[in-house]
Amino acid sequence: DSGVTQTPKHLITATGQRVTLRCSPRSGDLSVYWYQQSLDQGLQFLIQYYNGEERAKGNILERFSAQQFPDLHSELNLSSLELGDSALYFCASSAYPDRVFGYTFGSGTRLTVV
Amino acid sequence: KNEVEQSPQNLTAQEGEFITINCSYSVGISALHWLQQHPGGGIVSLFMLSSGKKKHGRLIATINIQEKHSSLHITASHPRDSAVYICAVSSSGGSNYKLTFGKGTLLTVNP
């Protein structure tokens, strides 16, 4: 157990639907990062939050949004799902937002859009 | 050209062999990471380094900042080392807290 908890582990849903992925960071970590891993694109950075505020945005589609709550857990919302959104979604956490202090990854949520 | 290039893409070794995986990057970095991903998907951070060399058990990671190159070595490889090894960098300046990933190296160690 890495200390970063992601739920659910697996999710199967239909095109056009909306899903929410949840991440609880390691205790004490204030920064949360979301990454998408697809077969064709590999791992890509989506978005980062630090202590409730958005800090950096990567290749995140407009159909996707995220937030970090006061208890520091984060949710990634994916809407109007398309087949191409099928991927592994990872959350990682770290202690500091702009110093490379090391990352801890969750075990990922595997999303399948049918 | 990708910002982070790994070689080889696939590597098959016999148990006990010494293994080297290479990573080259084209951007200024604040740190380089080596990650391990087993079948089933979970990612484990092996090393984070910004200079020199780090060792953990049978794993050694080196980085040459001037040449923008890093290597991951596995000594006395074992079938349980079979996994995808991913090189990632944190860019210096701007959004230096996000990772840019290589495509990964699939390592298979046969008994």
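Any value given below was found using the heavy atoms of this structure, including those in side chains, with hydrogens, waters and symmetry copies removed. All chains are named by letter (A, B, ...) in the order of the sequence lines, taking the proteins before the strands, and each is independently numbered beginning at 1.
Note that CD1 of B:Ile43 is 4.5 Å distant from CG of A:Leu43, once rounded to the nearest 0.5 Å. To the nearest 0.5 Å, atoms CG (B:Leu35) and CZ (A:Phe105) are separated by 5.0 Å. From B:Gln37, atom CD reaches atom CZ of A:Phe90 across 4.5 Å, with rounding to the nearest 0.5 Å.
A 6.0 Å sphere centred on CG of A:Leu83 holds more than 12 heavy atoms belonging to other residues, nucleotides or ligands. The environment of CD1 in A:Ile12 is sparse: at most 12 heavy-atom neighbours from other residues, nucleotides or ligands sit within 6.0 Å. Counted within 6.0 Å of CD on B:Glu67, heavy atoms from surrounding residues, nucleotides or ligands total 12 or fewer; the atom is thus considered open.
Only the backbone of A:Gln41 comes within contact range of chain B, with at least one heavy atom under 4.5 Å from a heavy atom of that chain. Neither the backbone nor the side chain of A:Asn59 has a heavy atom closer than 4.5 Å to any heavy atom of chain B.
Cluster annotation: A:Leu46 and A:Leu72 are assigned to distinct hydrophobic clusters (Ile/Leu/Val/Met/Phe/Trp/Tyr, side-chain heavy-atom contacts under 4.5 Å, transitive). A:Leu30 and A:Phe69 sit in two unconnected hydrophobic clusters of ILVMFWY residues. Membership requires side-chain heavy atoms under 4.5 Å apart, directly or through other members. Put simply, B:Ile21 and B:Ile60 are part of two different groups of oily side chains (I, L, V, M, F, W, Y) that touch within less than 4.5 Å, one to the next.
The two atoms that bring A:Asp40 and B:Lys103 nearest to each other are O-NZ, 4.0 Å, heavy atoms only. Of all heavy-atom pairs spanning A:Tyr103 and B:Leu99, the tightest one is CE1-CD2, 3.6 Å.
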